[in-house]
Number of protein chains: 2
Amino acid sequence: MTRRGPTLEDVARVAGVSRATVSRVVNGVRNVDPHIQETVRRAITHTGYTPNQAARSLVTRRTGTVALVFSADGDPVAARVFADPFFGRVVDGALRFLHERAVQPVMLVADSAQARTRVVDYLSRGAADGALVVPLDAADPLPGMLVTAGIPMVLFGRPPAEVRTGFVDLDNAAGARMAAAHLSARGRRRLAVIAAPDSAPAARERLNGFLEASALAGIEEVPVVSGRFTADSGRRAMARLLREHPGLDGVFAANDLMALGACQYLRERGVSVPGDIAVVGFDDSSAATECGPPLTTVRQPVEHMAAAMARLLVEQLQGVGATCSSEMFEPLLVVRESA
Amino acid sequence: MTRRGPTLEDVARVAGVSRATVSRVVNGVRNVDPHIQETVRRAITHTGYTPNQAARSLVTRRTGTVALVFSADGDPVAARVFADPFFGRVVDGALRFLHERAVQPVMLVADSAQARTRVVDYLSRGAADGALVVPLDAADPLPGMLVTAGIPMVLFGRPPAEVRTGFVDLDNAAGARMAAAHLSARGRRRLAVIAAPDSAPAARERLNGFLEASALAGIEEVPVVSGRFTADSGRRAMARLLREHPGLDGVFAANDLMALGACQYLRERGVSVPGDIAVVGFDDSSAATECGPPLTTVRQPVEHMAAAMARLLVEQLQGVGATCSSEMFEPLLVVRESA
DNA sequence: TTGAAAGCGCTAACAA
DNA sequence: TTGTTAGCGCTTTCAA
């Protein structure tokens with residue numbers, strides 16, 4: 001199993017030059033006689049030479065690789081990540097950018113304490129130059145661990161205050177304001193919110209933005225019930241809202257999955273959406289289109305955000321950017337049938 | 001940006017021993033005095049030492065890393081891979097196995113000629129020890145390229161005859177025969193198939209198996225419409241079948257996502273499933289249970305297959321297994337409500 | 001059981 | 001413009 005290919009030395013011998021010259025040709029350093037360059041190239045194809053990454057990294061302290069990490073605190077990440085096109089959009093945006101920069105992206109999954117340790121190890125050993133981290137839950141300990149380990153990284157979503165790192169994020173409050181404006185423009189006056197735990201900063205911003213815009217529209221009393229980002233928690237929240245506030249005509253949920261749960265519950269109870277109650281979600285994930293009826297929701301420009309995340313990391317690695325720069329993005333209201 | 005941590009040398013100095021001894025402790029080689037072991041361990045935590053992967057790989061010719069590659073010949077892989085729970089199961093099965101063997105899996109995406117070259121380069125340079133390749137189309141050139149480059153690899157699905165490599169595969173024809181037998185046992189006689197492009201050998205085997213078993217049951221005329229493995233293509237195929245063959249009472253789709261799309265369409269048109277038309281899928285992915293009604297489907301033991309793929313590769317890397325061993329798996333009919 | 005020393009294959013100063 | 005040389009940090013003989 002010891003694949004031992006030709007080395008620089010071998011190529012040098014064949015080409016009749018020194019190792020250094022071959023290295024220069026391989027790495028495209030100028031100041032090499034075009035004629036010799038040609039000879040060396042021939043020798044390279046002739047020998048079938050491929051650079052050894054380990055040897056290279058040992059001296060450059062670089063791998064040319066960046067990790068894209070999907071991280072969650074408890075459940076199997078794979079089942080979640082590979083069932084929601086949202087993540088496909090993240091991958092697409094990040095990979096496209098990195099490819100253009102000749103940086104090789106590798107994807108990692110961290111869905112247990114053990115897996116997190118392994119990921120931190122992997123990066124600490126220098127197997128990749130930095131990490132783009134997509135945490136599925138706000139309470140995820142991985143970002144903190146990476147900061148502590150001194151790994152260059154950029155996060156998808158604003159980190160907790162104590163974790164100092166670069167990130168990209170959406171103007172969640174603005175998105176929520178759009179949702180409120182849309183509902184009130186459609187004449188809905190008795191609004192409610194299915195929010196999410198305060199531990200997720202994005203969730204709080206969405207709630208606050210919605211309340212703010214409702215107030216501006218003259219709607220003061222807006223009942224709030226908290227869910228946990230899951231469809232099931234959404235349906236439960238909807239049940240409670242319906243029980244305690246029977247006159248509702250509009251609901252905003254802090255993500256699509258909860259909006260989906262709410263719609264399911266309403267449909268089962270014979271409440272028409274949007275006839276009786278209009279529902280607006282957030283994310284524009286696959287759940288939005290699969291919902292019955294398709295969700296009106298607030299869309300994040302995920303691909304752009306992912307590309308920006310990659311750019312921030314690359315700049316940081318090149319020593320151009322700061323280690324903590326961040327970038328904000330604007331959401332977009334997508335009107336479908338639910339509101 | 002030159003993260004330069006403590007080295008073996010530093011630890012050795014602190015512990016008052018030689019580099020070699022520290023190396024032995026780090027790598028758990030026996031024949032080290034327990035007392036000294038303790039001292040070294042203390043020195044390691046004290047200095048915050050982490051091994052340098054490049055230096056290590058340079059001498060061992062190993063990275064302890066294996067690549068899981070998703071590969072397709074044309075379209076953006078990410079959008080497809082991250083929308084089909086099937087791939088989540090592959091990832092889950094492979095990762096679980098590799099984690100237990102202390103092998104770090106990294107996932108790569110190869111969806112263009114350029115990306116393929118990069119993946120081959122990545123592996124040729126020794127950034128990972130081998131590859132588990134999941135080709136989305138049969139015409140995919142990547143497996144051939146990797147064989148040529150001498151990269152240890154195992155494929156998901158049987159490769160073309162000219163590509164000599166290890167693989168795992170499902171008896172797709174047998175699964176499709178089960179589907180046909182089930183439908184005809186339930187008294188369905190007017191069957192149709194939502195197939196997939198011939199470029200996917202698994203898809204062709206499923207189609208052939210179904211037609212073969214239908215013929216055996218005395219059902220000769222079976223209309224076939226091709227989808228592209230997505231829910232949306234499934235709903236479109238269903239629409240066409242319904243239009244062109246209004247008397248259908250049973251449909252077999254080459255994967256669950258297309259079956260799901262078909263069910264959605266039927267429901268919308270007020271066609272009862274399975275009352276009017278029975279639907280059978282293939283895969284038993286999470287789409288099967290999320291479908292309304294839950295899908296009767298042919299289950300692939302995907303996790304087992306992926307684990308086997310990982311095992312074959314690891315054995316090959318350890319010099320235990322042959323470079324070309326393969327393993328076949330049997331499908332299982334899972335009867336739910338749709339047929 | 002431990003240490004000394006020889007590389008692994010490459011890049012990058014520095015000389016020529 | 002090219003070659004010489006000194007490491008990068010680690011594992012692994014080989015002696016002691």
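Each chain gets a letter, A, B and so on, in the order the sequences are listed, and its residues count up from 1. It should be emphasised that the depicted structure is a prediction, and the values quoted were computed from it without experimental measurement.
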Worksheet entry | Contact list for residues 317-328 of chain A, test salt bridge (charged side-chain N to carboxylate O under 4.0 Å, His left out), sequence neighbours left out | Arg311(A)-Glu327(A)
Discussion item. Below the 4.0 Å mark, does dT2(D) have OP1 or OP2 next to a side-chain nitrogen or oxygen of Ser18(A)?
Written reply: no
Practice prompt. Report the C-alpha separation of Leu317(A) and Arg62(A) in whole Å, then their side-chain angles, then the decisive distance to 0.1 Å, and conclude whether the side chain to side chain contact (heavy atoms under 4.5 Å, CB included) test is met.
Written response: CA-CA 10 Å; Leu317(A) 292 174; Arg62(A) 272 293 158 68; 4.3 Å; yes
Worksheet item: Any side-chain donor-acceptor pair under 3.5 Å between Asp140(B) and Ser71(B)?
Response: yes
Item to complete: Output, in order, the C-alpha distance, side-chain angles, deciding distance and verdict of side chain to side chain contact (heavy atoms under 4.5 Å, CB included) for Leu98(B) and Val314(B).
Response: CA-CA 8 Å; Leu98(B) 293 173; Val314(B) 168; 3.9 Å; yes
Worksheet entry | Per-nucleotide protein contact string for nucleotides 8-16 of chain D (B base, S sugar-phosphate only, - none; heavy atom under 4.0 Å) | BBBBBB---
Worksheet entry | Other residues, nucleotides, ligands: >12 heavy atoms within 6.0 Å of Gln114(A) CD | no
Item to complete: Anything under 4.0 Å to a heavy atom of chain B counts; send over the first and last such nucleotide of DNA chain C, read 5' to 3'.
Response: dT1(C) to dG9(C)
Fill in: Residues Arg118(A) and Asp121(A) bridged, charged N to O under 4.0 Å
no
Discussion item. For the backbone of Ala72(A) and the side chain of Arg116(A), can you confirm whether one donor and one acceptor N or O come within less than 3.5 Å of each other?
Written reply: yes
Discussion item. Can you confirm whether Phe156(B) sits close enough to Leu68(B) that some side-chain heavy atom of one is under 4.5 Å from a side-chain heavy atom of the other?
Written reply: no
